[in-house]
Amino acid sequence: TQVPTTTATSTTAPPPIEATTPTVQRPAPTSAATPTTQAATTTQATAATTPAAATAAAQATTTSRPASPTPKMLSSFPHNIEFRCENFLTSEIEEKRGTTFDVVLCLRLTKWVHVNWGDEGIKNLFHKCFSLLKPGGLLVLESQDWRSYLKNDRLSRRCRETRDAIELMPDEFGVYLVHVIGFCPAISIGTSPPLKRPMLLFRRPAAGEADPRGTG
């Protein structure tokens with residue numbers, strides 16, 4: 001019997017594979033990195049100076065902001081100018097404030113007070129002008145004449161009825177202002193073209209000056 005034989009085949013093992021680690025070559029520092037370093041340095045410098053800059057900016061803002069007006073400022077021009085839309089006859093603002101003035105202008109107003117409020121209204125107007133003036137203060141009066149009262153184009157029926165009941169005529173205002181209220185006699189300061197109405201200057205007597213009402 002033939003015995004089977006085994007033939008051993010010699011197999012040559014492959015050479016071992018050497019593990020290699022890839023080498024990453026880092027580029028040498030160049031001038032390209034300089035801007036980054038400079039930027040960081042600049043940022044640090046800016047951050048270091050930020051508080052001072054903020055302080056300077058705050059000071060500049062404070063300097064440019066107008067200061068709150070003091071009582072002295074409020075009593076001088078232009079802070080002492082006030083515009084109000086109100087009924088002068090019924091307003092008590094100035095009386096409550098205790099305010100008095102050097103000059104009161106009453107221009108082209110008397111007719112409209114007269115036809116709306118009658119004789120009592122015009123008398124109250126003159127008394128109030130006197131009380132709001134300082135001693136020696138001036139009332140500048142430009143009053144409409146009676147002929148302008150007779151024009152009906154701007155008068156309501158009630159105003160026409162009030163006008164018809166008027167007894168104190170415009171040409172008597174001067175007498176009333178001097179002998180009833182106490183102004184010094186008027187001084188004419190010319191006319192106001194194109195209306196050709198005289199402008200009269202009435203002065204409140206100064207302190208210690210004789211009362212014009214005592215002259216007759």
Side-chain angles (χ1 to χ4, degrees), residues 66-146 148-149 154-156 158-189 192 195 197-216:
S68 299
T70 62
K72 184 177 181 180
M73 291 174 60
L74 292 174
S75 63
S76 60
F77 179 83
H79 303 286
N80 59 350
I81 296 178
E82 181 180 359
F83 294 91
R84 297 199 307 268
C85 181
E86 62 184 5
N87 188 329
F88 180 73
L89 296 181
T90 59
S91 173
E92 297 179 352
I93 293 178
E94 307 306 338
E95 286 83 349
K96 291 180 178 180
R97 290 178 177 176
T99 308
T100 54
F101 301 92
D102 297 309
V103 179
V104 171
L105 300 177
C106 185
L107 308 177
R108 307 177 188 181
L109 177 66
T110 52
K111 168 185 172 180
W112 303 111
V113 172
H114 219 170
V115 298
N116 280 278
W117 298 81
D119 286 341
E120 288 304 310
I122 200 69
K123 292 175 181 179
N124 289 339
L125 172 68
F126 293 152
H127 279 283
K128 190 163 187 176
C129 289
F130 185 87
S131 67
L132 291 179
L133 283 171
K134 297 177 180 179
L138 301 174
L139 167 64
V140 181
L141 178 66
E142 179 192 5
S143 60
Q144 295 96 324
D145 59 24
W146 181 248
S148 68
Y149 285 60
R154 295 185 181 181
L155 298 182
S156 65
R158 186 183 66 83
C159 288
R160 291 196 297 270
E161 292 173 352
T162 304
R163 177 200 61 192
D164 294 342
I166 287 175
E167 296 180 0
L168 179 62
M169 294 291 108
D171 58 0
E172 298 173 336
F173 288 168
V175 174
Y176 187 86
L177 285 164
V178 174
H179 295 288
V180 177
I181 295 181
F183 280 102
C184 296
I187 299 174
S188 177
I189 54 176
S192 54
L195 300 176
R197 286 196 289 257
M199 297 185 70
L200 301 177
L201 197 66
F202 292 89
R203 182 173 60 84
R204 177 172 178 168
E209 189 174 358
D211 188 339
R213 291 172 292 185
T215 59

Q. Distance under 6.0 Å and angle within 45° of the ring axis: does R204 meet both against F130?
A.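 So R204 does make the cation-pi contact.
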
Please report the shortest heavy-atom distance between [X] and [Y], naming the atom on each side.
{"X": "L139", "Y": "C106", "answer": "CD1-CB, 4.0 Å"}
{"X": "L200", "Y": "A186", "answer": "CB-CB, 4.2 Å"}
{"X": "V113", "Y": "L89", "answer": "CG1-CD1, 3.8 Å"}

Q) Aromatic rings Y176 and F126: how do their planes relate, parallel, tilted or perpendicular, breaks at 30° and 60°? A)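 Answer is tilted, since the angle falls between 30° and 60°.
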
Side-chain touch [X]/[Y], heavy atoms, less than 4.5 angstrom:
{"X": "W112", "Y": "R154", "result": "yes"}
{"X": "P212", "Y": "V178", "result": "yes"}
{"X": "I122", "Y": "F173", "result": "yes"}
{"X": "W146", "Y": "I166", "result": "yes"}
{"X": "F88", "Y": "L109", "result": "no"}
{"X": "W117", "Y": "N124", "result": "no"}
{"X": "P205", "Y": "R213", "result": "no"}
{"X": "I189", "Y": "V140", "result": "yes"}

Q | Partner set under salt bridge (Lys or Arg N to Asp or Glu O under 4.0 Å) for D171, not counting sequence neighbours | A |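 For D171, no residue satisfies salt bridge (Lys or Arg N to Asp or Glu O under 4.0 Å) once neighbours in sequence are set aside.
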
Q. How would you list, by chain and number, every residue that makes a salt bridge (Lys or Arg N to Asp or Glu O under 4.0 Å) with E86, sequence neighbours excluded?
A.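 Expected list: R84.
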
**Q.** Residue from R163, H114, K111 passing side-chain hydrogen bond (donor to acceptor under 3.5 Å, both in side chains) with Y149
**A.**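 Considering R163, H114, K111, a side-chain hydrogen bond (donor to acceptor under 3.5 Å, both in side chains) with Y149 is found only for H114.
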
Q: Quick one: pull up CG in L177 and CZ in F183 and give me the separation to the nearest 0.5 Å.
A: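 Atom-to-atom, L177:CG and F183:CZ are 6.0 Å apart.
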
Which atom pairs, one a donor and one an acceptor, fall under 3.5 Å between side chains of residues 95-105 and the rest of the protein, sequence neighbours left out?
from	atom 1	to	atom 2	distance (Å)
R97	NH1	E82	OE1	2.8
R97	NH2	E82	OE2	3.3

Q) Does CG belonging to L107 count more than 12 external heavy atoms closer than 6.0 Å? A)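 Above 12, so yes.
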
